[in-house]
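Scope of the values below: all heavy atoms of this structure, side chains included, with no hydrogens, waters or symmetry mates. Numbering of ligands and ligand atoms starts at 1, following listing order. Throughout, residue positions are numbered sequentially from 1 according to the sequence presented.
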Amino acid sequence: MSSVLRVNGGRPLQGTITVRGAKNFVSKAMVAALLGSTPSTLRQVPLIRDVDVVSGLLSLHGVQVDYNQAEGVLRMDCGNVRLADEHEVNAHAGSSRIPILFCGPLLHRLGEAFIPDLGGCAIGGRPIDFHLNTLQSFGASIEQRENGYHLRAPGRLKGTQVELPYPSIGATEQTLLTAVTAQGLTELRNAAVEPEIMDLVAVLQKMGAIISVDTDRTIRVEGVEELDGYTHTALSDRIEAASWAAAALATGGDITVNGANQADMMTFLNTFRKVGGAFEIRDDAIRFFHPGGSLNSIVLETNVHPGFMTDWQQPLVVALTQADGLSIVHETVYENRFGFTQALRDMGANIQVYRECLGGLRCRFGAKNYYHSAVISGPTPLKGADIVVPDLRGGFSHLIAALAAQGQSTVTGIDIINRGYEHFMTKLAALNADVEMVAS
Ligand code: EPU
């Protein structure tokens, strides 16, 4: 049965919550542990489904994983890495895109790897061509079979030159995780340089890798033969922090997010302020609040770092339904990330989506048939509705809308939120939300 949350909206969210390590870093650091000849320890690991999935995948590959949930400490012993059963990997990987990143470490350790059918959020086609091309250029052979891709490395992989057609986060991580133990130099041009990637570089450096990052998005890796384990504290989750910030704004509330980090959220904070939100930076927290009065409409474009993250877009759009005038949001990272706006329209929001690149430069989706620009006209009161959660960030945005709306909503499929938001029910209770799980 699908999980259903009943929400009585229209109350400001107020209180303090804590975010721990970033989902989109922790899962990659867990894969990096596979490269270590000694155990690794990762701190600030949140209790989210993606961590569960990657722990399970590591276990299937012979890694001993011990997780102290309360302390957020994850220990991984990779002394006995072995190939996993493909059916088990396929059964396990359905909800995650991380299995593709196992390739480099497994090819290095075992000479073989397997990529199952990948899951993840339905926000665009999500091809893996950059990954496959990169792995091939390191010398891996790839065979597509019915249940996934089978990869082999005849001997040690060889350093290579890669230029990404787009600064993909996953393909940059793929290159890093493969290049660190490949023979010789690898040069990656047009790399992604998000803070989560820089933290992965820090982990790999602790393990013994030699990696330099240039200002022009070129990453150079000098391969080494062997790496040790690491001990590392994960950077905090700036997507979760921004999601709660958007919730504070949309509900007219006041939320202090312990663990939120200003340096990684500069771009979000600028936009939050332009919309009319207020914040106070503390040593290890940021307080986000609605200062009263009306909110401002804005023109916004998502982009790779240091631009405005695509994952911040969906929660913020909910707040923009409460801003005065016309806001324009141009999504340039994923071609199909406005599907969630239908539910907002059903709740009373005035949002139109367009194929054209609005309000910014022409992006790679401009000449195609993708509704990747949105015009939001506000403020419009939101009213409770029955909503079905589409994906992780879209789902959290629906939750925010239900919390901001007058009246009762039921949010079906709410369990998806557990993929990336730790203890969200406990946090909602701490923020004085009127919610009740009616089916789980
Ligand atoms: N792309 C290709 N070919 C590839 C790889 C990517 O065309 O082989 C395209 C994608 O289709 C997309 C763009 O490149 O249009 C960027 O994709 P990227 O590879 O950067 O995304 P990802 O690594 O699959 C990660 C996060 C996403 C986040 C994006 C962008 C993880 C596990 N996922 O995905 O997070 O939206 O980067 O910032 O790190 C989420 O947390 O909800 C989430 C979806």
Heavy atoms only: which of [options] is nearest to [atom]?
{"atom": "atom 40 (C) of ligand 1", "options": "Asp50, Ile100, Asp311, Ile128", "value": "Asp311"}
{"atom": "atom 21 (O) of ligand 1", "options": "Phe365, Trp312, Tyr166, Tyr334", "value": "Tyr334"}
{"atom": "atom 5 (C) of ligand 1", "options": "Ser96, Ala171, Pro127", "value": "Pro127"}
{"atom": "atom 31 (C) of ligand 1", "options": "Asn24, Val333, Ile98, Asn133", "value": "Asn24"}

Would you say ligand 1 has an N or O under 3.5 Å from any N or O of Glu335? no
Once you restrict to heavy atoms under 4.0 Å, what part of [X] touches ligand 1? Side chain, backbone, both or neither.
{"X": "Asp129", "value": "both"}
{"X": "Ile169", "value": "both"}
{"X": "Arg393", "value": "side chain"}
{"X": "Asp391", "value": "neither"}
{"X": "Lys28", "value": "side chain"}
{"X": "Lys23", "value": "side chain"}
{"X": "His305", "value": "neither"}
{"X": "Arg364", "value": "side chain"}

If the threshold is 4.0 Å, N to carboxylate O, is there a salt bridge linking Asp391 and Arg337? no
Answer yes when Arg220 and Glu222 have at least one side-chain N-carboxylate O distance shorter than 4.0 Å, and no when they do not. no
Mind telling me whether Phe365 and Tyr370 have parallel, tilted or perpendicular rings, with 30° and 60° as the class edges? perpendicular
Check each atom of ligand 1 against the heavy atoms of Gly170 and keep those under 4.0 Å away; list them by number with element. 19 (O), 23 (O)
Taking Leu188 as the fixed residue, which of Leu164, Thr160, Thr218 is the one that meets the side chain to side chain contact (heavy atoms under 4.5 Å, CB included) rule? Leu164
Identify, with sequence neighbours excluded, every residue that meets salt bridge (charged side-chain N to carboxylate O under 4.0 Å, His left out) alongside Glu71. none
Between Tyr421 and the options Arg393, Glu240, Lys427, the side-chain hydrogen bond (donor to acceptor under 3.5 Å, both in side chains) test singles out Arg393
Any residue meeting side chain to side chain contact (heavy atoms under 4.5 Å, CB included) with Leu47, in chain and number order, not counting sequence neighbours: Tyr67, Gln69, Glu422, His423
Between Tyr149 and His131, is the ring centre distance below 6.0 Å? no
When the aromatic ring centroids of Phe396 and Trp244 are compared, is their separation below 6.0 Å? yes
Does ligand 1 have any atom sitting under 4.0 Å from a heavy atom of Ala192? no
